[in-house]
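Structure record follows, encoded as structure tokens.
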2 protein chains.
Amino acid sequence: MQAGKTENTTENAAERAYRELRQAVLEGRLPKDRKITETGLAESLGISRTPIREAVKRLLLEGLLERRKGQGIRCALPDAAEIQEVFELRLRLESFAASRAAIRATQDQIDALTQSAETMSRLARTDPANDAVITRIDRENARFHALILEATQSQRLAQLVKFSTDISLVSRTFRRFTAEQRRRSAAHHVEIAAAIAARSPRWAENMMQAHILSAADIFEIPLDGQATARRGEQD
Amino acid sequence: MQAGKTENTTENAAERAYRELRQAVLEGRLPKDRKITETGLAESLGISRTPIREAVKRLLLEGLLERRKGQGIRCALPDAAEIQEVFELRLRLESFAASRAAIRATQDQIDALTQSAETMSRLARTDPANDAVITRIDRENARFHALILEATQSQRLAQLVKFSTDISLVSRTFRRFTAEQRRRSAAHHVEIAAAIAARSPRWAENMMQAHILSAADIFEIPLDGQATARRGEQD
DNA sequence: TTCAGATTTTTTGTATACATAAAATTGATA
DNA sequence: TATCAATTTTATGTATACAAAAAATCTGAA
């Protein structure tokens with residue numbers, strides 16, 4: 001779940017089912033023509049219904065799947081309104097995470113954050129950025145945010161953020177960023193790391209907010225309250 | 001879950017198990033001497049292990065239970081640090097909920113909120129407040145907060161808040177409030193309802209923050225981040 | 001006594017069979 | 001043809017049996 005947690009050497013059938021199903025949902029490769037059923041999933045993964053049920057239940061709770069009474073299961077990828085909602089949540093939760101990280105991070109975690117931000121900066125300055133570089137940026141970005149969560153020292157918060165974030169990140173990649181936007185985003189990481197290193201929760205919180213707001217702008221996700229005013233001008 | 005949602009006429013064995021187990025955990029009446037086991041729970045509730053497993057899995061995810069490898073299940077009520085953490089979460093999530101409610105609430109929901117706040121005010125002015133009155137205050141309080149969640153029109157947000165809140169509310173009751181604190185808390189409700197009626201997300205958000213911060217103060221829960229900086233100024 | 005290894009018991013994971021409830025289908029009638 | 005009821009089919013909920021892994025217990029030797 002978190003970055004480097006190695007707790008389970010043996011992966012359950014249920015866990016595997018959860019992981020693979022989740023992956024399938026997020027990547028949108030769930031059959032939309034025929035209806036999905038527990039039995040069907042069990043057969044396609046070669047295990048019994050019991051672990052499948054566990055995985056499905058969990059994904060239902062996370063809101064990634066939905067079930068309609070006696071009908072099958074459907075993948076419930078969020079519409080525009082929900083994506084907006086999730087971004088608003090991220091705005092609150094991840095900035096809180098940054099703030100908490102500024103208080104709780106260990107020196108090792110601060111070092112890791114700083115290093116990740118530097119790596120990302122270097123990658124963002126690579127010009128022209130080819131596909132492989134972007135992929136590395138995406139990965140480093142995910143790593144940075146995971147490190148923040150780890151530094152909060154809060155299992156609960158980490159899990160909540162993960163819930164929200166994974167959904168909002170569906171098919172959002174740095175490929176859609178201009179070179180300047182990539183550099184700006186990397187600069188955010190650097191500054192967030194600096195704020196945490198400086199043990200300034202409010203600085204960290206604010207930078208994280210800016211970071212997420214700028215991403216929302218790039219993906220053209222209007223956030224209400226603060227964003228409505230802005231969007232009126234440019235749309 | 002939410003206030004008046006009547007979706008399931010028939011309650012599953014699994015749902016019942018979940019509800020009862022959760023209740024038991026939150027009220028701290030889970031045997032601490034002997035270890036808790038799935039089989040044991042199944043027997044004590046008179047159902048098979050299958051629905052029990054579902055309920056337990058869910059509570060494990062919520063962090064209300066914990067399991068240690070081949071050993072039993074233990075109830076994982078939060079320590080002081082975790083309670084603080086949860087209050088910080090509430091601060092963010094419920095104020096966000098209030099803000100969103102100010103944008104999305106239907107007129108009916110606004111009316112219900114206003115009425116709930118008035119009821120609570122009336123109860124808070126009842127002097128001397130006996131035990132029955134306090135119980136009614138507690139209930140009206142829970143109702144108000146549930147109404148806010150409903151008014152957000154967001155299943156996801158409602159669920160996240162519920163996760164956090166239920167835990168933070170363990171054994172916290174208005175019994176610990178002075179008469180003046182009760183009146184102040186009721187006044188908060190009135191003002192939050194007013195802010196929502198006025199369609200002012202920021203007013204609603206701020207009042208909700210004040211509401212929660214004041215509760216944290218009464219329960220002597222120190223909040224860091226925001227609190228440290230602020231506390232410096234005003235204390 | 002104490003420790004290591006083997007055995008038993010307990011606990012959790014998985015498969016499967018059956019029960020129940022909801023949806024689709026069929027067929028009869030207007 | 002349209003509609004309604006009965007039947008079949010399908011999907012999900014629950015119980016139970018068995019498997020595997022881990023903990024507890026027991027045994028024997030140093």
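Using a 4.0 Å cut-off between a side-chain N of Lys or Arg and a carboxylate O of Asp or Glu, A:R19 and A:E11 qualify as a salt bridge. Taking a cutoff of 4.0 Å between a charged side-chain nitrogen and a carboxylate oxygen, A:R136 and A:E140 do not qualify as a salt bridge. Between A:E85 and B:R104 no salt bridge is recorded (no basic side-chain N to carboxylate O distance below 4.0 Å). With salt bridges taken as basic N to acidic carboxylate O contacts below 4.0 Å, none links A:E88 and B:R100. Using a 4.0 Å cut-off between charged nitrogen and carboxylate oxygen, A:R49 and A:E38 count as a salt-bridge pair.
A distance-only check finds a donor-acceptor pair linking the side chain of B:D79 to the backbone of B:A81 [under 3.5 Å].
Atom C1' of nucleotide C:dT11 and atom CG of B:L65 are separated by 16 Å, given to the nearest angstrom. As a whole-Å value, the separation of A:I47 CD1 from C:dT16 P is 12 Å. Atom CD1 of B:I36 and atom P of C:dT10 are 18 Å apart (whole Å). Atom CD of A:E11 is separated from atom P of C:dG13 by 13 Å (rounded to the nearest Å). If you measure from atom CD1 of B:I52 to atom P of C:dG13, you get 14 Å, rounded to the nearest angstrom. Taking atom CZ of residue A:R53 and atom P of nucleotide C:dT16, one finds them 16 Å apart after rounding to whole Å. Separating the CG atom of B:L60 from the P atom of C:dT12 is a distance of 10 Å, rounded to the nearest angstrom. Look at CD on A:E15: it is 9 Å from P on C:dG13, rounded to the nearest Å.
For A:S48, no side-chain nitrogen or oxygen approaches OP1 or OP2 of C:dT14 to under 4.0 Å. In terms of phosphate contacts, A:R67 brings a side-chain nitrogen or oxygen within less than 4.0 Å of OP1 or OP2 of D:dG13.
Relative orientation of the B:F219 and B:F177 rings is perpendicular, given thresholds of 30° and 60° on the angle between their planes. In this structure, B:H145 and B:H189 have perpendicular ring planes: the angle between them is above 60°, well past the 30° mark.
From one end of the helix from C:dT1-D:dA30 to C:dA30-D:dT1 to the other, with five pairs defining each end axis, the axis direction shifts by 0° (rounded to 10°).
With rounding to the nearest 0.5 angstrom, the CD1 atom of A:I212 is 9.0 Å from the CG atom of A:L93.
Looking at B:R172 and B:I83, their side chains come closer than 4.5 Å, going by heavy atoms from C-beta outward.
Side-chain contact annotation: A:D111 with A:Q115, donor-acceptor N/O pair under 3.5 Å absent.
Residues A:T50 and A:R68 each lie close to DNA chain C; by heavy-atom proximity, the contact nearer the 5' end of the strand is made by A:T50.
Enclosure of atom CZ in B:R199 by more than 12 non-hydrogen atoms of other residues, nucleotides or ligands within 6.0 angstrom is indicated.
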Exercise. Any chance you could list the contact pattern along nucleotides 17-22 of chain D? Use B for base contacts, S for sugar-phosphate-only contacts and - for none, protein heavy atoms under 4.0 Å, 5' to 3'.
Key: -----S
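In the region residues 38-46 of chain A, proximity to DNA chain C at under 4.0 angstrom, judged on heavy atoms, holds for none of the residues.
Of the candidate nucleotides C:dG13, D:dT10, C:dA15, D:dT10 has the atom nearest to the side chain of A:K35. With distances taken from any side-chain atom of B:N12 to the nucleotides C:dT12, C:dT14, D:dG13, the minimum falls on D:dG13.
At a cut-off of 3.5 angstrom, the base of D:dA11 holds no donor-acceptor pair with the side chain of A:T37.
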